[in-house]
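Naming: A, B, ... by sequence-line order, numbering from 1 per chain.
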Amino acid sequence: MNLIRIGSKQAAGVVIGPVFAILAALVAGGIILLIIGFNPLKTYYELFSLGAGTYLGITESLKRMAPLLIMSAGLIIVFKAGVWNIGGNGQFLIGAVLAAGIAPLIMDKLPIFFYFVVLGLLGFIGGASWVCIPAILKAKYEINEIIVTMMMDFIAVNFTSYLVRYPLNAQPGLFPQTAVLPIEKRLPNISLTEVHIGLIVGLVMVVLVHYFIKRTALGYEFRFAGENKKAAIYAGINIKKVIVLAMLLSGGFAGLAGANDVLGIKGSFQAEWNPQYAFSAIPLVFLARFNGFAVIPLAYFFSFLSIGGEFMSRAANVPVFFVQVAEALMLIFFGVSEYLKKRSKLF
Amino acid sequence: TKAPAIPPHPGARPLKVAVVVPASSTDQGWNQMGVDGLRELKDKWHLTIEVAENQGYGDIKPVLRDLARKGFDLIIAHASGYQTVTPEVAVERDVRVAVVENPAAVRPGLVSNYEGEAQKGAYLAGVLAAKMTRTNVVGCVTSAEVPDWNRMTVGFMEGLHSINPKINFLYNVIGEASYEDAIGGKRNTEAQIAAGADVIFGMGDGASFGIMKACEENRAKDGGKVWFIDVIGDKTGIDRKQILLASVLWNFDVVYEMMLIDIYSDRFGDDYRQTLENGGIELAVYKEIPSVARAAMKQAEEGIKNGRIKVSNIADTREMRSYMRRLFK
Amino acid sequence: MTAGNESVVEMRGITKRFGEVVANDHIDFSLRRGDIHALLGENGAGKTTLMNILSGLYHPDRGEIFIQGRKAKLASPNDALALGVGMVYQHLTLVPTLSVLENILLGTNKKYYLMRKYAEQKLKEISRIYGLEVDLETKIWQLSAGEQERVEIIKLFYRGSDVLILDEPTSFLSPIEIKGFFKVLKNMVASGKSVVFITHKIEEALDISSRITVLSEGEKSGEIDLDGIDIKKEEKQLKNRIVNMMFKKAAFGEGKKKGPEKDSLDAVLTLEGVTATNDRGLETLKEVSFTVHRGEVFGIAGVDGYGQKELAEVIAGQRKVISGRITLNKEDITNMPVSLMNERGIYYITEDRITEGSVANFSLAENAIFRCYKKKPYVKSGIFLNNKAIRDNGNKLIRDYSIKAQDSNDLVKTLSGGNIQKLILARELSYNPSVLVANKPTHGLDVMTTRYIRDEIRARSRRGVSVLLISTDLDELKEVSDRIGVMYKGELIRVVPGKEATKEEIGRLMLGIMN
Amino acid sequence: MNSIFSEPFFTVLFGGTLTASTPIILAAIGEDFVESGGILNLGLEGMMLLGAFTAFIAALITENVYIGLLSGMAAGVVLGLLFGYLVIYLKINQIVAGLGIGLFAIGITSLLFRILFGAEFPVIPDITDKTAIPLLSKIPYASSIFNQHLITYISWILLPIAWWVLYKTSFGLNVRAVGENPAAADVHGVNVYRTRYLTLLFEGVLAGLGGAFLSICDLSFFVFHMTQGRGFIAIAVVMLAKWNPAGIFYGAFLFGICHSLTYGLQILGLDVPREFILMLPYVAVIALLCILARNTRFPAAFCNPYERE
Ligand SMILES: Nc1ncnc2c1ncn2[C@@H]1O[C@H](COP(=O)(O)OP(=O)(O)OP(=O)(O)O)[C@@H](O)[C@H]1O
Ligand SMILES: Nc1ncnc2c1ncn2[C@@H]1O[C@H](COP(=O)(O)OP(=O)(O)OP(=O)(O)O)[C@@H](O)[C@H]1O
Ligand SMILES: [Mg+2]
Ligand SMILES: [Mg+2]
């Protein structure tokens, strides 16, 4: 109980600032809209009413949160340990393709619960396996993990493309993809909602990781190594172990997010599918200052923007590109609010 | 050859139709043609139209559900990548949808399929290319290996082969999903031209502009022009070097209109074809060509129409690749 | 002494707060031309803060600064440098990846391109005049702390500042070097420069300065003008006066009870022909052999950079041994990882408190569980940290060692240099080592804490702890050690009994003079 | 098929490699300075893209390549200074700001392009030409090396200059010091903020030029997000080069040559799934890192904003 209070108190501190950020970004976006000849009020009305004021908007945003939360959980670990895994997109794809490729083979053989657990684990293993090379190169030879994970991303795109075009191609002639899982072999919805249980997995993961980092001896090791490697060595911490473990965990979480999307959303792995959640999750984790609780509302907001923004662009007839501009402005003003918070202790 | 007038249907309200496309609706290619096809029908059918563009190949279910929520009578999911997800939403929300190239998904009243016999148009393009090449090297540059593109590649190869089995056929893929990679398109095309190609068959939305640019900038080995054969759209407006030889046009209004008619007559849920016969597919030739070429094309077109010439319909990459190896050793 | 009356620096009413801590409280400070002005005070008294303000690094909350009689607005160190005020900071400010020459050129090169030739020439001159040698092409990270200190000082000479501020410059220098360094300082003031000299060694202050200012708890507690005072005669009085000024408020935690006298001469730690390389890959430790017995303090003397650090590191498991053998109670512990060394009771106090000894962004409490976070009571059921126990432990160390901090949640980066050093000592001693390797444990500590630590080391040794004590302070070595080994260029050239050896004899040995 | 193994084919592969590596070299030189100064600019891609867009608009209006190039550089500078303001003055997390700037550039260029041109597809009349260097461009196999756009030659000349500036001048020393230990640089009188702003300004010029090269030299039109990840490749190249401008050429060239191989091998009819061919550049970089870049140290202050107190 006490733990939760502390976590949520910190989270509140981190979340109040964004109110400013949202307003500022809306104003800046509004100016752009005016310049290019659109009515900002109408645009924003549509954004909020459709994105947050309709059942559909809320439901879809909640679903979109799941991969962001799961991926963020891994990123909190790896960034805290001072390692830069920016190849989450590739690890996501590998986890997804592994789950999607194996699911049809086992779906009739396992009880549904174990089927999901096995596929989740496979996703995790897939993502983790994709990070093995960068992790070993980093731990053994201090080879820069930023480039290696980035390169592994490109390789993952091509590798998964190969898999679904050749060995895993379920129906030659259709768009290259793995076998489409029947609806009943996908993640069930949380009762009374249309949101699949991936959301709960995401929430649990990010909270667990929060306490893992803050409250466990291993978490202390990770933070220690991330803050000051030399001191960690001095204190007898096995840095290589920390690097490899942190990277494997983060890759695993990215892969789990992939399995989640296959089982919860897509039902299969398609060529050319690359949602690049890592590019949202990375700034999100920084904005949340690695606080698992703060990640949750931020992830919701990001999801709301991408879902509501798309709905809005059609309703208000604003080119959909404006959504990207708005997302960028949000990111930037979230950053600015961090600055103001430090400066004025306003929040 | 356009479709019949609106069937009389008193009291029927104007329909609401939406189209969902993966990239920008102004790409002068697949996406734009898919949207333009609907726009062409707007006035005639008093349609209410909505365009959802730039949807990528991610999760399009939220958009489909939003359109269903808004009460659209028909949602056209205009990308082969949407062909299995969209029917799921059709069932879930009880909304009419149309998908591309997935005839198995057809469900009366709910899901229609449409596809172009583009391989036949591409066959004619292949015949034209074989007749126009001076170097006997013909190139094909594509931005991805997806069913549409694969079909056209196969048709094009067969067309080439029918005229000259000894022709050198070059085939390049720009990259994974590099529909918009204009520079990649340019580089690949330049390399093909350097390898001797003087006719380039280019498939690739935004990337086509790069392919076209390479044809404009470079001379063939004999010092003459490099011809560019485009697909889906019509780029004559930007053809300032006069290298755009022809285009395999896809007129989607043809199939869209069939769907509208069927909605009115409660027969929606069918497999619709764009064919040479109904004008859904045509090879538009923009330049003066020698009469031998014209004759060969005419002969091929007739042959296709009367069934004497069979054009293979191959959508799968692996199959297409092995066929390519067999055809041009 | 050529102390004039004209003051080159006047600081009036300087006040500086960090959150709730008042680091400087209405301090007046003046420096006369040609003076060496010593600044003394206990750890955390506010010396560094005051001088950081003078060097333009910090901005005072209140107060005025006059330089050469003119009111100065110091927005950055650059402004102060432009007015002729240069500083060597307590925690050295060199760029580790750059060479010595590049570090010297940094900020001093006036042309667009780097004037290497010119600088080399000028530096040769400086080395000749002041007797400070250093290889210009070596990278900073390859140098020992003492050598780095030298680079900073050379740089200050190179720049030619009129006012030099030196924040504890002697803590890494050996007595011989200090002597030379003082000669240099005297030369400088003779040529009209002025120096502020921060130190914890009252003897040094009396030896060289013409004025002394003492700070305590952020306030100025006194100023002594030494002009016209016969220091030899009044040394004892002066010392007492200064100590009283320094600690007018502070009180140090009670020293530990002395244990029984040592009983036996069992060999505990033995090195046989140990050879190791430094970070540059050079063999800086050559065939070193010795034995430390139970309850013995084995001192190591030597000019900084002659292998003492590597020696400490190989024993502590921080550095690999190339050849040779290290045994602990007859067990071979050569190249054992740090954690296993710790299990066997070997603990190590590093000389590098900032980058190795502490984590700046961790709280004091988190810094205090470096090697024991996996042990009870800091961890519950082997997994979860016990925050209460961790905090309590931090607070206990704060109390026992009089660490100047609000509480154990304070981040270490807000502590003064000496207080960080105290924290590291407190932490390593709290593990109850059976073998303690201490590299310059008292550097940067005020006199009272230094006293306490030396007593503590003696006390522990009486209770059977074996200590390897590395220091550049010969008084410390003589006072605490049972035997003193002298290192010269990586070799242990002589071992002398601690009590009998004279400082002169050790000093000669440190220069490699064997007879 | 033998006719393919001809001199022109390899020449074009080679020439194409050089052309393709030009914008990467330019952006990488800029990023080299920025990273040496302790900042990671993930918005590099956005700078290039905005440069490409602005240069395109300016060139379309004026039909003058130089005005186009200058406008591209100016746009890069504006975005560079904006990024600088965010990360240097406001001290916003650099990853967040960089991704934000990149996303902003993608969004705003697409948005404006759509608003300005709708479904039109404007093309600039030919305003650039390749410049063949006399004599050199006549050498067989090398002809295409010396028949490039002027900007390509400039990018080559910039490499040694960048090396010289970084290692032999006060500014370069300041940059390296600021990236390694800004506190030390500060107390020695180096203006940390100004130095970092300057690196970003410099990067803005080069990245903007690189982007402009894409839209008005290599092509003559603008397509949505036409940089296609080249900014990220440039960042990888800088790390591969271990922040030494001399290494940038090799890194960019390696990428270029591997990309050329991806299409060269396809034309030569290499019979493996093309996915494996397309992986080549990335696999090559990892392999090279294993050989060349062990124990790479980042500038110690990498990604850390500098604050004095
Ligand atoms: N950046 C900072 N933030 C918060 N508190 C600080 C900061 N710097 C110094 N302090 C506090 O100000 C006080 C004075 O510190 P200062 O470094 O001036 O002491 P000092 O006299 O130099 O001590 P020492 O002899 O240990 O070096 C200390 O209590 C210290 O904790
Ligand atoms: N500031 C630096 N600049 C350049 N290279 C460095 C720097 N610091 C360390 N290195 C390189 O990294 C290597 C590892 O450095 P580190 O100080 O962690 O290990 P070490 O001192 O050799 O070993 P130990 O952990 O036993 O002290 C060094 O040997 C050196 O080659
Ligand atoms: Mg101090
Ligand atoms: Mg070391």
Task: Residue E53(B) versus chain A: region with a heavy atom under 4.5 Å - done: both

Task: Worked check of side chain to side chain contact (heavy atoms under 4.5 Å, CB included) between D66(B) and E60(A) - done: CA-CA 10 Å; D66(B) 187 45; E60(A) 294 297 341; over 6 Å; no

TODO: Evaluate the side-chain proximity of Y179(B) to E272(A): yes if any heavy-atom separation is below 4.5 Å, no if none is.
DONE: yes

TODO: Determine the option with the most heavy-atom pairs under 4.5 angstrom with chain A, choosing from N102(B), N150(B), I314(B).
DONE: N102(B)

Open item on the list: At a 4.5 Å cut-off on heavy atoms, which part of F321(A) comes close to chain B: side chain, backbone, both, or neither?
Closed with: side chain

Open item on the list: Under 4.5 Å from any heavy atom of chain B, what part of S313(A) do you find: side chain, backbone, both or neither?
Closed with: neither

Open item on the list: Measuring from atom CG of L181(A) to atom OG1 of T84(B), what distance do you get when rounded to the nearest 0.5 angstrom?
Closed with: 10.5 Å

- [ ] Determine whether more than 12 heavy atoms belonging to other residues, nucleotides or ligands lie under 6.0 Å from atom CD1 of I133(A).
- [x] no

Task: Non-hydrogen atoms of G173(A) and A315(B) that approach each other most closely - done: O-CB, 3.4 Å

- [ ] Step by step, work out the side chain to side chain contact (heavy atoms under 4.5 Å, CB included) result for V51(B) and R314(A).
- [x] CA-CA 7 Å; V51(B) 176; R314(A) 282 175 291 114; over 6 Å; no

TODO: Go through the steps for I183(A) and E92(B) under the test side chain to side chain contact (heavy atoms under 4.5 Å, CB included), then give the verdict.
DONE: CA-CA 10 Å; I183(A) 302 282; E92(B) 178 191 299; over 6 Å; no

Task: Under 4.5 Å from a heavy atom of chain B, the part of N169(A) involved - done: side chain

TODO: Give the C-alpha distance, both sets of side-chain angles, the deciding distance and a yes or no for side chain to side chain contact (heavy atoms under 4.5 Å, CB included) between Y166(A) and R321(B).
DONE: CA-CA 11 Å; Y166(A) 295 85; R321(B) 284 294 185 126; 4.1 Å; yes

- [ ] Answer yes or no: is there a side-chain heavy-atom contact under 4.5 Å between V85(B) and Q177(A)?
- [x] no

Task: Under 4.5 Å from any heavy atom of chain B - which part of I307(A) - done: side chain

Open item on the list: Under 4.5 Å from any heavy atom of chain B, what part of L174(A) do you find: side chain, backbone, both or neither?
Closed with: both

Open item on the list: Using modelled atom types and a 3.5 Å cut-off, is there a donor and acceptor pairing between side-chain atoms of Q83(B) and backbone atoms of F175(A)?
Closed with: yes

TODO: Hey, could you give me the CD/CG distance between E50(B) and N317(A), rounded to the nearest 0.5 Å?
DONE: 8.0 Å

Task: Spacing of CZ belonging to F311(A) relative to CG belonging to L67(B), to within rounding of 0.5 Å - done: 8.5 Å

Open item on the list: So for E194(A), is it side chain, backbone, both, or neither that comes closer than 4.5 Å to the heavy atoms of chain B?
Closed with: side chain

TODO: Check whether R69(B) gets within reach of chain A through its side chain, its backbone, both or neither, counting any heavy atom under 4.5 Å.
DONE: side chain

- [ ] Among V100(B), N313(B), I60(B), V63(B), single out the residue with the greatest number of heavy-atom pairs under 4.5 Å to chain A.
- [x] V63(B)

Task: Minimum heavy-atom distance between W273(A) and Y57(B), given as atom pair plus value - done: CD1-O, 3.2 Å

Task: Residue, of A144(B), G58(B), A104(B), that accumulates the most heavy atom pairs under 4.5 Å with chain A - done: G58(B)

- [ ] Would you mind telling me which of E310(A), R64(A), K63(A) makes a side chain to side chain contact (heavy atoms under 4.5 Å, CB included) with P62(B)?
- [x] R64(A)

Task: Presence of salt bridge, K266(A) and E88(B), under 4.0 angstrom - done: no

Open item on the list: Any heavy-atom pair between the side chains of E145(B) and R165(A) that's under 4.5 Å?
Closed with: yes

Open item on the list: Under a 4.5 Å cutoff for heavy-atom pairs, which residue among G57(A), S61(A), S161(A) has the most contacts with chain B?
Closed with: S161(A)

